[in-house]
Amino acid sequence: MELRKCLASVLILTIVMLTTALGAFVGVNIGTDVSDMPSASKLVDILKANQITHVRLYDANAQILQALSNTGIEVIVGVINEEVLRIGESPSAAAAWVIKNVIAYVPATNITAIAFGSEILSTIPNAALVLVSGMNHLHKALVAANLHSRIKVSTPQSMDIIPKTFPPSIATFDSSWNSTMYQLLQFLKNTNSFYMLNAYPYYGYTKADGLFPIEYALFKPLPSVKRIVDPNTLFRYDCMLDAMVDATYYSIEAIHFNDIPIVVTETGWPWLGGGNEPDATVENAETYNNNLHLRVLNGSGPPSHPSIPINTYIYELFNEDKRNGPISEKNWGIFYPNASAVYPLSLSASDGVTGISASVFCVAKAGASNDKLEDGLNWACGQGLTNCAAIQPGKPCYLPNNLISHASFAYNDYYQKAHGAGGTCDFNGTATTTTQDPSYGSCLYTGSSKTGEQSLAPTALGPSSHDHGSCWNLQVSTLQYILSAICVFYALVLL
C-alpha cells in the first residue's frame, strides 16, 4: 500500500513538473496611453502574427476583450487603481465589475486572471486596508459564476516593498506591511492563485550606482571575478531577474508561506532615454528582451525554486508616449503601432529561437584564454540554453577533453539556436564563425548537414556539480529520476 502511494505520488509530481516545464511562456503587457493606438482588431493581428499567447491588460478594455475572442490568447484583465477602494469596500461593486468585465466575455475570450490594481502598497498605500477584502469580493463573485477554477485573482507588487533584495536569502517584506502581506498570501494560498511581481533589472542596475555589472542585468556572461553569489546559500546568480524572483520567494517564506508560485507580470528595458539615462538604448533593450525570452522558455526557475518556471510578461507592446515622467518612461514598447518591430525580437514559444544557414558555424578561437573560455562555456551550458549532453564523459564529443573543444561545441549549439533571435558568435571575444563543418567522427555539431536536422528548440540541461545556481537549474527529467529512485529504494526496504 505504501509503495503504491509512493509510486502514485511520483506519477502526480511527474505530471505536474512536465506540465509546468512545458507551460513556460513570455507574454506582453498592453498599455493604452498611446497617441496613435491601433484599432483593437489590428492589435490582435499583431499578437497573432508574432505568436503571442499571453497578454495582460491594465484595465478591462471592451474593444480589446471583444477582439481577443476566439483567439485562445490568455488574458489578464486589470482593475485600475482608481477602482480599488470602491471594490474593496463593496461586494456588490465587485460583483458588478465581474459581470461587466469578465462574465460578458467568457468563454469566448480566454480570461484567466484578474489583477486587482497595480503596485498598490507602493503607490497608494492608503488602499492597503481594503486590498485583500477587494480580492475576496472579486473571488466570491467568480465563485458565484462558477469561474473561480479557471480565473484567479491576484495583485501585482513592485520590488519596492522588499527593502533589501540582496543577498536574496535574507530578503523580507517591509515590516510595516506584515499584516497585509500575511492576509494577501493567505488569500493566494487558499484560492490556489499566484503572486504577481513587477521586477525591473533596469532599475535594479541603474539605482545600484555601479554595485552590479550591467552584464548581470542583461543576462550576459559574467567573468569569474564578477560572479554574484549568495553567501548564505552559495547559490550563484548569473542574472538579476533570478535574484529578484528569489528575493521575493524568500520574503514569502519569511512569513511562513510556501507553494505560492510567482509570475513576473512586468519586466523589460527602455530603448530610449534622456541625457541622464545612458543605459536606455536600443541595443540594451534588444539584448535584455531576447535573453529574457531564452531564459524564460528554458522552463526552469530561480536557484531556490528550480522546478517553477519564471513565466513573464514583457513591458510593453507599444510605447506609451502619453505617460508622465522621464523620456525612458515613454519608450519601453517592442512594437510601433504600425506593427513594425522596434528591434528584432521573437516571442514565439514554439520556435522562439530560429536556426541559421547550416553552412555557418561558431567555434572557439585558438589562443583564447582559458578563463574566458571557461566563462563562455559555463554561460552557454547555463543561461545560453545549450544542449551540452554531447560533451559529457562517455558521450560522442567529450574527447578531446579540453576547453577549446568543449567550448566550440557549446558555442555553436547556442549560435545555431539563438542567432535568429539576436544571439551572436562572440562570447567575450573568444568565438568566431567558420564555414568549415567542425564535426568529427561520431561528434556531430548542431547545424551540420551530417545530422540530418538542426537543433532549433530551446534546450537546457542540468548544471555542473559545482554550479550552485544560474539562470537555469534542475530540469524535469532529473527530478523525475530522483523521485523514482526514492520510491525504488523505499520498495527495496519494504521487501
Side-chain angles (χ1 to χ4, degrees), residues 25-78 80 105 109-110 118 200 202 265-274 277 279-294 296-297 312-354 356 418-423:
F25 65 83
V26 177
V28 295
N29 287 273
I30 302 175
T32 56
D33 284 339
V34 182
S35 294
D36 51 350
M37 184 75 182
S39 68
S41 60
K42 289 182 179 179
L43 184 155
V44 172
D45 287 342
I46 294 172
L47 300 177
K48 288 179 178 179
N50 291 278
Q51 301 181 52
I52 296 169
T53 58
H54 294 72
V55 299
R56 175 189 168 209
L57 308 181
Y58 288 96
D59 54 15
N61 183 285
Q63 289 75 31
I64 296 176
L65 287 173
Q66 184 61 46
L68 285 166
S69 65
N70 302 312
T71 63
I73 294 172
E74 295 193 19
V75 185
I76 296 176
V77 293
I80 61 175
Y105 300 101
T109 301
N110 189 16
S118 181
Y200 287 96
Y202 170 74
T265 38
E266 287 182 23
T267 194
W269 199 280
W271 57 266
L272 182 65
E277 301 172 301
D279 300 298
T281 66
V282 171
E283 180 182 9
N284 285 344
E286 178 181 352
T287 298
Y288 181 85
N289 282 323
N290 275 301
N291 284 341
L292 170 73
H293 179 264
L294 293 172
V296 173
L297 293 191
T312 299
Y313 292 79
I314 291 177
Y315 183 84
E316 59 187 324
L317 192 64
F318 306 120
N319 283 343
E320 291 189 274
D321 60 307
K322 296 163 75 174
R323 290 178 64 88
N324 296 322
I327 293 175
S328 63
E329 187 67 23
K330 309 171 191 290
N331 291 283
W332 294 75
I334 57 177
F335 288 99
Y336 296 108
N338 66 3
S340 63
V342 175
Y343 45 80
L345 174 66
S346 175
L347 292 169
S348 166
S350 58
D351 60 352
V353 287
T354 55
I356 60 170
H419 180 72

### Query
Can you check whether I314's main-chain N or O pairs, donor with acceptor, with N29's side chain at less than 3.5 Å?
yes
### Message
Run the side chain to side chain contact (heavy atoms under 4.5 Å, CB included) test on L47 and T71 for me, step by step, so that the C-alpha distance in whole Å, both residues' side-chain angles and the decisive distance to 0.1 Å come before the verdict.
### Response
CA-CA 10 Å; L47 300 177; T71 63; over 6 Å; no
### Query
Should the pair H54 and F25 be assigned to parallel (<30°), tilted (30 to 60°) or perpendicular (>60°) ring geometry?
parallel
### Query
Can you find a heavy atom in the side chain of Y58 that is under 4.5 Å from one in the side chain of I80?
no
### Task
Heavy atoms only: give me the nearest A285-P270 pair and the separation to one decimal.
CB-O, 4.0 Å
### Between CG on residue L68 and CD on residue E74, distance to nearest 0.5 Å
12.0 Å
### Message
Can a donor-acceptor pair be found, under 3.5 Å and without considering hydrogens, that links the side chain of N50 to the backbone of I52?
### Response
no
### Query
To the nearest 0.5 Å, what is the distance between CE (M37) and CD (E320)?
8.0 Å
### Query
Can you name the one residue among N331, N284, N319, T281 that meets side-chain hydrogen bond (donor to acceptor under 3.5 Å, both in side chains) with W271?
N319
### Contact summary for S118 and R56, nearest pair of heavy atoms
OG-NH2, 3.7 Å
### Query
Are any of the side-chain heavy atoms of I334 and N289 separated by less than 4.5 Å?
yes
### Query
Among all residues two or more places apart in sequence or in another chain, which pass the side chain to side chain contact (heavy atoms under 4.5 Å, CB included) test with D321?
V34, S35
### Query
Is the centre of the W332 ring less than 6.0 Å from the centre of the Y200 ring?
yes
### Residue pair A280 / S328: nearest heavy atoms and the distance that separates them
CB-CB, 4.4 Å
### Message
I'd like to check I64 versus T32 (side-chain heavy atoms, cut-off strictly below 4.5 Å). Are they in contact?
### Response
yes
### Message
Closer than 3.5 angstrom, by distance alone: can the side chain of E316 be matched with the main-chain N or O of V28 as a donor-acceptor pair?
### Response
no
### Euclidean distance, L43 CG relative to F335 CZ, rounded to 0.5 Å
10.5 Å
#### Entry: Qualifying residues under side chain to side chain contact (heavy atoms under 4.5 Å, CB included), relative to A62, sequence neighbours excluded
Y105
### Query
Distance from L345 atom CG to E286 atom CD, nearest 0.5 Å?
8.0 Å
### Query
Looking at CZ of F318 and CD1 of I30, how far apart are the two atoms once the value is rounded to the nearest 0.5 Å?
7.0 Å
### Message
Quick check: closest heavy atoms across D33 and R323, and the distance to 0.1 Å?
### Response
OD2-CG, 3.9 Å
### Summary
dist E277:CD -> I327:CD1 (nearest 0.5 Å) comes out at 6.5 Å
### Task
Taking W269 for its side chain and D279 for its backbone only, find out whether a donor-acceptor pair lies under 3.5 Å.
yes
